[in-house]
Asker: 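Dropping the structure in here first, questions after.
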Amino acid sequence: MAGLDPDVAALLDTMRAAGAPPLWSLSIAEARQQLAAATAQLAPEVPHVASEDLTIAGDGAAVPIRIYRADRGGEGPMVLLIHGGGWALGSIETHDAIARAIAAGTDATVVSVDYRLAPEHPFPAGFNDCVAALAWCDMQRLPGQSLVVMGDSAGANLTAALTLHARDNQGPRMDAQILIYPCVDLTTSPPYVSRTQYGGGEYFLGQQDIDWLRGMYLADAADTGNPFVSPMLAENLGGLPQALIVTAGYDPLCGEGLAYHRRLSDAGVPSRNLHFGGAIHGFLSFAGALSSGRDALARIIDWLSAIPAR
């Protein structure tokens, strides 16, 4: 296996030297602040894109969204962006640069959803907000405009769950899904070597972080068996939209991302894996410092741009 990319190793050295405590040891407010500061400092530089903040109706609660439109023809896809951050820490703001990059690079309309966070709002609150946002995107898109859902980490978990929900509940029909270092198995003893090999905490995300975040997201431990929580446990993955799955070699979640890619392929779903062997979890959000993040963002944009209109 390739070693860590040099700029990834340098970033990890900087993080260790700064003495930032692990997420799981912090209060929820401190963890949110730490993640927000890291993404603000390490986010990629992107062009200015016009944006608008709105709220839409959810299941008894208003759901904030931010819409990004490049100053072009707007002929690209409608993209629902679901931020990561362990269902508890991220926000529209932590993923603002990624949303702008996608909108600018693909001429897409990007809708970033600020779903309710755990622990204040455990499953299924955030998931239901994403269901509402997907339905809104489906109603708002132009005739012939493709519909894509993408997310990273916990956002990729919600993305995969949305595709299952839409397939089994009469739509809406999506044209593609993008899963960036996805968490798709929330069982307590998942059978992936990467969880033990890279979960010690020395590669940004550790197993203790994962356990802490899962405990906040799920008020009922029995929900780990729900396919909308653990999409890997779905009996059948057939009939889902084509997928792009991005994985990082030094990520505890790498194993399940690769396994989900294989399961989709075996079910007849076109699935492409972009693997970055020397990268860590979260590297797309750190594209301001990591060449792998910039490369991944460019390749995601290229893949999105090739999706034909309906």
Asker: So V149 and L134, side-chain contact (heavy atoms from CB on, under 4.5 Å) or not? Walk me through it.
Answerer: CA-CA 8 Å; V149 183; L134 178 62; 3.7 Å; yes
Asker: May I have the list of side-chain donor-acceptor pairs in residues 224-239 shorter than 3.5 Å, sequence neighbours left out?
Answerer:
unit_1	atom_1	unit_2	atom_2	d
T224	OG1	A221	O	3.0
N226	OD1	F228	N	2.8
S230	OG	L186	N	2.9
S230	OG	T224	O	2.7
N236	OD1	G238	N	2.8

Asker: Linking I/L/V/M/F/W/Y whenever their side-chain heavy atoms sit closer than 4.5 Å, directly or via other members, would V148 and M174 fall into one cluster?
Answerer: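 No, because V148 and M174 fall into different hydrophobic clusters, even though each may have its own neighbours under 4.5 Å.
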Asker: What I want to find out is whether D209 reaches R214 closely enough, with some N-O distance under 4.0 Å, to be called a salt bridge.
Answerer: no
Asker: Can a donor-acceptor pair be found, under 3.5 Å and without considering hydrogens, that links the side chain of E52 to the backbone of I67?
Answerer: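 Answer holds: no.
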Asker: Got a salt bridge between D114 and R116, using NZ or NE/NH1/NH2 to carboxylate O under 4.0 Å?
Answerer: no
Asker: What's the verdict on side-chain contact (heavy atoms from CB on, under 4.5 Å) for R66 and V111, showing C-alpha distance, side-chain angles and the deciding distance?
Answerer: CA-CA 6 Å; R66 180 174 294 168; V111 178; over 6 Å; no
Asker: Treating T106 as the side-chain partner and A108 as the backbone partner, does any N or O pair qualify as donor plus acceptor under 3.5 Å?
Answerer: yes
Asker: Take atom CD of Q33 as the centre, draw a 6.0 Å sphere, and report whether it contains more than 12 heavy atoms from other residues, nucleotides or ligands.
Answerer: no
Asker: So, the side chain of Q242 versus the backbone of A176: is there a donor-acceptor pair under 3.5 Å, distance only?
Answerer: no
Asker: Looking at N169 and H165, would you say the former's side chain and the latter's main chain have a donor-acceptor pair under 3.5 Å?
Answerer: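 Checking the backbone N and O of H165 against the side chain of N169, a donor-acceptor pair under 3.5 Å is found.
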Asker: H261 and side chain to side chain contact (heavy atoms under 4.5 Å, CB included): which single residue from L274, N273, L244 fits?
Answerer: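 Passing option: N273.
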Asker: Give a yes-or-no answer on whether the side chains of D129 and H121 include a donor-acceptor pair shorter than 3.5 Å.
Answerer: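 Per modelled atom types, D129 and H121 side chains form no pair under 3.5 Å.
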Asker: Can you tell me if R100 uses its side chain to pair, donor with acceptor, with the backbone of V49 under 3.5 Å?
Answerer: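 Checked: pair present.
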Asker: Can you name the one residue among Y192, F204, Y181, Y250 that meets ring-ring contact (aromatic ring centres under 6.0 Å, His included) with Y198?
Answerer: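 Testing Y198 for a ring-ring contact (aromatic ring centres under 6.0 Å, His included) against Y192, F204, Y181, Y250 leaves exactly one candidate, Y250.
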Asker: side-chain contact (heavy atoms from CB on, under 4.5 Å), that's the test. Do I300 and V246 meet it? Break it down for me.
Answerer: CA-CA 9 Å; I300 290 168; V246 179; 4.2 Å; yes
Asker: Report the C-alpha separation of D96 and Y68 in whole Å, then their side-chain angles, then the decisive distance to 0.1 Å, and conclude whether the side-chain contact (heavy atoms from CB on, under 4.5 Å) test is met.
Answerer: CA-CA 9 Å; D96 181 74; Y68 301 81; 2.7 Å; yes
Asker: Has E45 got more than 12 heavy atoms of other residues, nucleotides or ligands less than 6.0 Å from its CD?
Answerer: no
Asker: Taking 4.0 angstrom as the limit, do R263 and D266 come out as a salt bridge?
Answerer: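 Salt bridge between R263 and D266, a charged N being under 4.0 Å from a carboxylate O: no.
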Asker: For the pair D152 (side chain) and G84 (backbone), establish whether a donor and an acceptor sit closer than 3.5 Å, ignoring hydrogens and angles.
Answerer: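 The answer is yes, because a donor-acceptor pair under 3.5 Å joins these two groups.
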Asker: So does L218 get a backbone contact from the side chain of D223, meaning a donor-acceptor N/O pair under 3.5 Å?
Answerer: no
Asker: Is it the case that H83 and S91 place a side-chain donor and acceptor less than 3.5 Å from each other?
Answerer: no
Asker: Any sub-3.5 Å donor-acceptor pair from N157's side-chain atoms to C183's backbone N or O?
Answerer: yes
Asker: Give a yes-or-no answer on whether the side chains of S27 and E30 include a donor-acceptor pair shorter than 3.5 Å.
Answerer: yes
Asker: In plain terms, say whether E202 and R16 are close enough for a salt bridge, that is, a side-chain N and a carboxylate O under 4.0 Å apart.
Answerer: no
